[in-house]
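Structure record follows, encoded as structure tokens.
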Amino acid sequence: MSLTLYEKLVRQHTVTQLDDEHVLLYVDFHIMNEYTSPQAFAGLHTADRPVWRPQAHLAVVDHVNPTRPIQSLNDIEDEGGRLQIETLSKNCIRHNIQLFDLFDPRQGIEHIVVPENGFAWPGMVIACGDSHTTTYGAFGALGFGIGTSEIEHVLATQTLVYKTLKPMLVQVDGILPIGVTAKDVVMAFVAKVGAAGASGFAVEFAGSTIAALSVEARMTICNMAVEAGARAAVIAPDQKVFDYLDGRPHAPKGADMVAALGNWQTLQSEPGAQFDKVVHLDATMIEPLVTWGTSPDQSVPVTRTIPNPTNDADHRALDYMGLFAGQSLSGLKIDRAFIGSCTNARIEDLRKAAKILKGHQVCSDVTAIVVPGSKDVRRVAEAEGLDAIFRQAGFEWRGSGCSMCLAMNDDIAMAGERCASSTNRNFEGRQGRGVRTHLMSPEMVAAAAVNGAIVDVRKMMETHQ
Amino acid sequence: MIPFTKVSGIAAPMPAPNIDTDIIMPKQFLKRIDREGLAIGAFHDLRFDETGAERPEFVLNKIPYRSAKFLICGDNFGCGSSREYAVWGLLQLGIRAIIAPSISGIFFGNCEKNGLLAITVPQADVDPLVAHASLPETSEMQIDLHNQTILASSLCVPFEISDTRKQLLLSGADHIQTTLNATDQIRAFEKKQQSHAPWLWAHLAKG
Ligand code: SF4
């Protein structure tokens, strides 16, 4: 029987089949953060169990740290967050696990630093106590989020009891129009199938549009596939991926790289492989999207108006967002602009946003911050002079972390404020209690910041030309 | 883990779709290194207003749902963040089972690891359960895991569950110990991978 890429990855990592739908799955690499791991370590300690394979784990501080400059952990006012950072460090020392601590030059959002340092390769199984672990699908790896009990399980056994998913193919073809990005592609997918549309599925993105995208753009797509309920998202690895990995600190080298490449080139869905569901997207028809509601599937092209509510949840979302059906999002005033998160804070994202901002000023009513995804991204951006563009435009240039993507640190908006955000979740209260989040591409956030209101970024591009 | 066999209690209707884990356990309760004291956090921003006063209109603040043991939910319950705090909080609030047409993957796994029974049944079966739960006088239900049934007055809804999950839930067994019983198989897999894909063992994180 012909196998899909996803099925191959599962098969290659099956230690043993447990029942019709579960396998014991081997985990090649596991990433931890400070806020979902402490109880896992505590459980391990209570049961007096060792870590099975310490070198197969990496820990990163990213969720609770401030993004303003600090000298030491003592400068963190929030006691709970500080305790989580200290606890992670203690646990890593105790178990000899590599840690990118807050002051490590490689620190940043886990899903940004892992690829950047060459830890994610085709053919791997990667788990992490964070739902956006699907990001690594951009490399042809099987990445998925797990809970704290599962973190403990991986630490103790290097495996997971894994429920296999059904394969879904998302075929995206055509050339993306100018001003339309990978973020819009994945938002279009989420809008098309719904927030639970890929629940129970492992999505494979394929087609000429995907092939034309950079590896970073593919990460944006796989990252946000989880907002359609997909617990895995994969893209067959190609030369772009191999080139991306070449020379990264933790990527295979020499004879290992040669052997790895031989294997990586076989990682595709076989001809005739069966998918349980197939979705087509015509890239030429996609426009810049903006969410109007409190679920990532509640979005419309910026050129259109908010649709009529079809259920109670829609009514509730409109109520929370202070909007009504038929209203145009274009022209809607914003209070905040946020460029950041594991979806859209890589160097390419910052370059594109800076291009929009160059020579413009952020509207005086808007508080705008940009949080590079990692210290590496920040350094590269500074070397290219992007920080100057952001600063001159009126954006605050911050340190790296999750920041206002989930507002667990002090980067938090006020109730009632409207935020144009390059993040992945517009849930109620996500960026602060009562905050109204509008998801969009980083270019669209930049354009909104300048205009003080949501606007079609393509209009600003025309004035540039 | 508390075993789940046969449990009776009040079922509360929460039929809205896409109730995410940010709603189930807001971020202000995530800054800790233990699992304690999370009952207050469960659905916090729906249960309480800005001043900390109860919102009387929220279902779990009403009688008889204040003591609910089951939640009858909408599509995609538990979507979003992987935070297991959501499941710990629900259990500490006294919730023993979630019934929905679909339950988000990571949340579903988290439920199972903690003995919170997560059941998916078709929407056509959820609807009458919501109707029963919505009337206080018919909101008492019984879930029998052994027989895989949900009983609500005269209604009996069967549900599917894999044998692996069922046995773990019924026994309340230690998942990690169960896997460690297969240590030899894991070691054998590693040996095989080391010879087939040696690069996977050469360049990972160094401690
Ligand atoms: S940036 Fe946002 S989505 Fe990504 S890991 Fe951090 S909190 Fe999660």
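Throughout, a chain's letter reflects where its sequence line sits, starting with A, and its residues are numbered from 1. What you see is a predicted model; the values in this text were computed from it and never measured. Both backbone and side-chain heavy atoms feed into the values below; hydrogens, waters and symmetry mates do not.
Taking OG1 from A:Thr148 and OH from B:Tyr85, the interatomic distance works out to 6.5 Å, rounded to the nearest 0.5 Å. Rounding to the nearest 0.5 Å places NZ of A:Lys253 at 15.5 Å from CH2 of B:Trp199.
B:Trp201 and A:Tyr26 have parallel rings, their planes meeting at less than 30° on a 0 to 90° scale where 60° marks the start of perpendicular.
When A:Glu428, A:Glu79, A:His22, A:Arg425 are compared by the number of non-hydrogen pairs under 4.5 Å with chain B, A:Arg425 comes out ahead. Counting heavy-atom pairs under 4.5 Å between each of B:Ser162, B:Gly105, B:Ala16 and chain A puts B:Ser162 at the top. Taking A:Thr133, A:Asp312, A:Thr87 one by one and counting their heavy-atom pairs under 4.5 Å with chain B, the maximum is reached by A:Thr87. When each of A:Asn311, A:Asp78, A:Ile151, A:Asp20 is scored by its heavy-atom pairs under 4.5 Å with chain B, the top score falls to A:Asp78. Chosen from A:Gly194, A:Ala407, A:Ser199, the residue pairing most often with chain B at heavy-atom distances under 4.5 Å is A:Ala407. Between chain B and the options A:Ala313, A:Ala196, A:Ala260, A:Gly147, the largest number of non-hydrogen pairs under 4.5 Å is found for A:Ala260. Of the listed residues B:Asp75, B:Thr183, B:Leu30, the one with more heavy-atom pairs under 4.5 angstrom with chain A than any other is B:Leu30. The candidate from B:Glu190, B:Gln28, B:Gln185, B:Gln193 with the greatest count of non-hydrogen atom pairs under 4.5 Å with chain A is B:Glu190.
Between A:Leu24 and B:Ile186, the closest side-chain pair of non-hydrogen atoms falls below 4.5 Å. Annotation: side chain of A:Arg433 is in contact with side chain of B:Asp45 (closest heavy-atom distance under 4.5 Å). Residues A:Phe29 and B:Leu200 have side chains not in contact (no heavy-atom distance under 4.5 Å, counting atoms from C-beta outward). Between B:Ile176 and A:Thr157, some side-chain heavy-atom pair lies under the 4.5 Å cut-off. Counting heavy atoms from C-beta on, the side chains of A:Leu406 and B:Arg83 come closer than 4.5 Å. When side chains are defined from C-beta on, A:Trp52 counts as touching B:Leu180, because their heavy atoms get closer than 4.5 Å. Looking at heavy atoms from C-beta onward, B:Arg32 lies in side-chain contact with A:Gln39 at the 4.5 angstrom threshold. B:Ser82 has its side chain out of reach of A:Phe144: every pair of non-hydrogen atoms, C-beta onward, lies at least 4.5 Å apart.
Between B:Lys27 and A:Asp411, none of the side-chain N atoms (NZ, or NE/NH1/NH2) sits under 4.0 Å from a carboxylate O, so this pair counts as no salt bridge.
With a 4.5 Å cut-off on non-hydrogen atoms, A:Ile146 touches chain B through its backbone but not through its side chain. Contacts between A:Gln12 and chain B at a heavy-atom distance below 4.5 Å involve the backbone alone (N, CA, C, O). Of the atoms belonging to A:Val15, heavy atoms from both backbone and side chain fall under 4.5 Å from chain B.
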Audit row: A:His153, B:Thr179, side chain to side chain donor-acceptor pair (under 3.5 Å) steps and yes/no | CA-CA 9 Å; A:His153 198 281; B:Thr179 297; 2.8 Å; yes
Should A:Ser149 and B:Glu84 be marked as a side chain to side chain donor-acceptor pair (under 3.5 Å) after you check the CA-CA gap, both sets of side-chain angles, and the distance that decides it?
-> CA-CA 8 Å; A:Ser149 296; B:Glu84 199 162 311; 2.4 Å; yes
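Cation-pi check for A:Lys163 over B:Phe108 is met; the charged atom lies under 6.0 angstrom from the ring centroid and within 45 degrees of its normal.
Under a cut-off of 6.0 angstrom, the local environment of NZ in B:Lys69 is sparse, with at most 12 non-hydrogen atoms contributed by other residues, nucleotides or ligands.
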